[in-house]
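First the structure, in the form of structure tokens, and then the observations on it.
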Amino acid sequence: MATKVYIVYYSMYGHVERLAQEIKKGAESVEGVEAKLWQVPETLSAEILAKMGAPPKTDAPVITPSELANADGLVFGFPTRFGMMAAQFKAFLDATGGLWRTQALAGKPAGIFYSTGSQGGGQETTALTAITQLVHHGMIFVPIGYTFGAGMFEMEQVKGGSPYGAGTFAGDGSRQPTDLELGQAFHQGKCIAAVAKKLKATA
């Protein structure tokens, strides 16, 4: 039976979604792994989103909390709001109380990726504060560490991400993830998939 990796994300302007797509490719590069993209529910009205200049949502399905339990591995992605995950993603996690009561997510490997508006916008604080959500569910946080190699030490170009997970900088919204950032996202997907597959085989 295939190992299932769910990439669950919230993306308002598309930057997080672009990373999610690359993470999916990385996960699927591991033999025997099936990866799927999921969006969390939007909490803002269409009117507000239009005023904020947000593009239409893509056709990735919207996940319900109960569906998380079907995954063997999870990767959660979100933009940063004041150094923490966006409220839309927090609202989704707040709705997972039923899974917490039954410990349905305990022992599942999980990673984190993110987007910030600037280099000082909270790349690592977002990851650190998000880890608490995993801890209370008993999930196993899987960082990428420095396994991305030379890409982790790049100093000649602006690069998002950290040992905690892949990341990008959105700037004013016009900046898109670079090849290096996308490469790190692919690497993260591959890492999470390998861990999920190994854990499933030994369960």
Side-chain angles (χ1 to χ4, degrees), residues 4-21 23-24 35-118 121-143 160 162 164-170 173 185 188 192:
K4 297 180 181 179
V5 173
Y6 286 1
I7 300 100
V8 184
Y9 66 91
Y10 175 75
S11 188
M12 180 174 285
Y13 296 108
H15 298 80
V16 173
E17 184 165 56
R18 184 67 188 91
L19 293 180
Q21 292 166 348
I23 288 172
K24 180 177 184 288
K36 185 172 183 178
L37 295 175
W38 298 88
Q39 300 184 72
V40 301
E42 180 59 78
T43 60
L44 298 177
S45 68
E47 180 182 7
I48 295 297
L49 289 170
K51 288 181 179 179
M52 296 177 73
K57 300 292 184 185
T58 60
D59 59 0
V62 175
I63 195 169
T64 61
S66 63
E67 288 172 296
L68 291 175
N70 299 327
D72 299 303
L74 295 155
V75 197
F76 297 131
F78 28 77
T80 294
R81 298 291 183 266
F82 299 111
M84 301 176 69
M85 69 173 64
Q88 289 87 343
F89 207 94
K90 182 61 167 62
F92 172 74
L93 290 177
D94 284 348
T96 60
L99 297 175
W100 171 77
R101 282 191 295 273
T102 60
Q103 291 295 285
L105 302 182
K108 292 184 185 292
I112 296 166
F113 62 105
Y114 34 80
S115 172
T116 62
S118 66
Q123 293 259 316
E124 292 194 353
T125 61
T126 300
L128 284 167
T129 52
I131 289 170
T132 62
Q133 313 295 306
L134 311 185
V135 168
H136 282 262
H137 274 290
M139 288 185 275
I140 302 169
F141 175 52
V142 181
S162 73
Y164 296 93
T168 189
F169 297 116
Q188 182 172 17
I192 289 283

Practice problem: Can you label the angle between the Trp38 ring and the Tyr6 ring as parallel, tilted or perpendicular, going by 30° and 60°? | Solution: tilted
Quiz prompt | Minimal non-hydrogen separation, His15 against Ser115, with atom names | solution = CB-OG, 3.8 Å
Quiz item: Run the side chain to side chain donor-acceptor pair (under 3.5 Å) check on Glu17 and Tyr9 step by step: do they pass?
Solution: CA-CA 7 Å; Glu17 184 165 56; Tyr9 66 91; 2.3 Å; yes
Quiz item: Looking at Thr43 and Gln88, what are the two nearest heavy atoms and their distance?
Solution: OG1-CG, 3.2 Å
Practice problem: Please lay out, stage by stage, how Leu44 and Met52 fare under the test side chain to side chain contact (heavy atoms under 4.5 Å, CB included). | Solution: CA-CA 10 Å; Leu44 298 177; Met52 296 177 73; 3.9 Å; yes
Quiz prompt | Verdict with reasoning, Leu93 to Met85, per side chain to side chain contact (heavy atoms under 4.5 Å, CB included) | solution = CA-CA 11 Å; Leu93 290 177; Met85 69 173 64; 3.8 Å; yes
Quiz item: Quick one: are Phe113 and Val16 in side-chain contact, heavy atoms under 4.5 Å?
Solution: yes
Quiz item: Regarding Tyr114 and Ser162, is there a side-chain donor-to-acceptor distance under 3.5 Å anywhere?
Solution: yes
Quiz item: Distance-only, no hydrogens or angles: does the Gln123 side chain make a donor-acceptor pair with backbone N or O of Phe169 under 3.5 Å?
Solution: no
Quiz item: Less than 4.5 Å apart, any side-chain heavy atom of Leu37 and any of Gln21?
Solution: yes
Quiz prompt | Where Lys24 and Ile7 come nearest, the two heavy atoms and their spacing | solution = CA-CD1, 3.7 Å
Quiz prompt | Closest heavy-atom pair and its distance - Thr80, Gly122 | solution = OG1-O, 4.0 Å
Exercise. Heavy atoms only: give me the nearest Pro79-Tyr10 pair and the separation to one decimal.
Key: CD-O, 3.1 Å
Quiz item: Please, which pairs that meet side-chain hydrogen bond (donor to acceptor under 3.5 Å, both in side chains) have at least one residue in residues 96-109, sequence neighbours excluded?
Solution: Thr96-His137
Quiz prompt | Distance, nearest 0.5 Å, that separates CD1 of Ile63 from CG of Leu68 | solution = 4.5 Å
